[in-house]
Amino acid sequence: LILDKSSSSKYKIEFTNTHKFRNLSFELISCKKIEFEKYLDSAALIKISQNDNVYIGWFFKYTDELNLYSNKIYEISLTDC
């Protein structure tokens with residue numbers, strides 16, 4: 001899920017390998033279901049490229065406070081894996 005902070009618009013994108021959204025490029029590297037006692041989450045390792053900036057990191061569906069990607073215009077959330 002992409003939130004465009006400049007226009008307060010949400011965009012739901014679905015992809016399995018790569019996807020391009022405006023000047024962002026997404027590449028799905030890995031997708032995992034995480035299961036512990038009393039704890040279930042989904043995590044995706046995603047590479048995000050914007051111009052010359054590249055970010056590679058994990059995105060979590062339920063524990064989104066662990067998502068470390070920051071951008072002035074876009075907020076990225078994982079909705080499914």
Side-chain angles (χ1 to χ4, degrees):
L1 185 67
I2 300 174
L3 171 63
D4 183 338
K5 297 179 213 175
S6 63
S7 66
S8 297
S9 301
K10 288 184 181 181
Y11 303 92
K12 185 172 182 177
I13 60 171
E14 296 181 18
F15 63 98
T16 54
N17 294 321
T18 60
H19 186 80
K20 188 144 178 84
F21 177 82
R22 296 184 183 162
N23 65 341
L24 297 175
S25 295
F26 296 91
E27 180 182 346
L28 180 63
I29 298 170
S30 181
C31 191
K32 302 283 182 193
K33 301 285 184 188
I34 301 170
E35 190 171 337
F36 300 103
E37 281 184 38
K38 302 179 184 179
Y39 182 79
L40 177 65
D41 205 344
S42 296
L45 182 60
I46 299 177
K47 177 181 176 181
I48 302 173
S49 303
Q50 182 181 24
N51 304 324
D52 292 333
N53 298 322
V54 176
Y55 170 84
I56 299 175
W58 289 97
F59 287 83
F60 298 88
K61 181 176 179 177
Y62 296 112
T63 50
D64 61 346
E65 63 272 7
L66 297 176
N67 299 344
L68 300 177
Y69 179 77
S70 67
N71 185 299
K72 293 179 184 178
I73 300 173
Y74 302 110
E75 185 175 311
I76 312 291
S77 300
L78 182 68
T79 57
D80 200 11
C81 191

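Every value quoted in this text rests on a predicted model; they were computed, and no experiment measured them.
Tracing side-chain contacts under 4.5 Å through hydrophobic residues (I, L, V, M, F, W, Y), one reaches Ile56 starting from Leu66; they form part of the same cluster. Linking Ile, Leu, Val, Met, Phe, Trp and Tyr whenever their side-chain heavy atoms come within less than 4.5 Å puts Ile34 and Leu45 in one cluster. No continuous path of ILVMFWY side-chain contacts below 4.5 Å connects Leu68 to Leu3, so the two sit in separate hydrophobic clusters.
To the nearest 0.5 Å, atom CD1 of residue Ile46 and atom OH of residue Tyr69 are 11.0 Å apart. For the atom pair CD of Glu27 and CD1 of Ile48, the computed distance is 11.5 Å after rounding to the nearest 0.5 Å. Here the straight-line distance linking atom OG of Ser6 with atom NZ of Lys72 works out to 13.0 Å at 0.5 Å rounding. For the atom pair Thr18 OG1 and Ile29 CD1, the distance stands at 12.0 Å (nearest 0.5 Å).
Among residues at least two apart or in separate chains, salt bridge (Lys or Arg N to Asp or Glu O under 4.0 Å) pairs with a member in residues 10-26 are Asp4-Arg22.
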#### Entry: Audit row: Ser30, Lys32, side-chain contact (heavy atoms from CB on, under 4.5 Å) steps and yes/no
CA-CA 7 Å; Ser30 181; Lys32 302 283 182 193; 3.4 Å; yes
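Val54 and Ser49 get closest at one heavy-atom pair: CG2-OG, 3.9 Å. Residues Asn67 and Phe59 share a closest heavy-atom pair of OD1-CA, 3.2 Å.
For the residue pair Tyr55/Asn53, the side-chain donor-acceptor check at 3.5 Å is not satisfied.
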Side-chain donor-acceptor pairs under 3.5 Å in residues 73-81, sequence neighbours left out?
none

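Applying the ring pair (Phe, Tyr, Trp, His ring centres under 6.0 Å) test to Tyr62 and every residue at least two apart in sequence or in another chain returns nothing.
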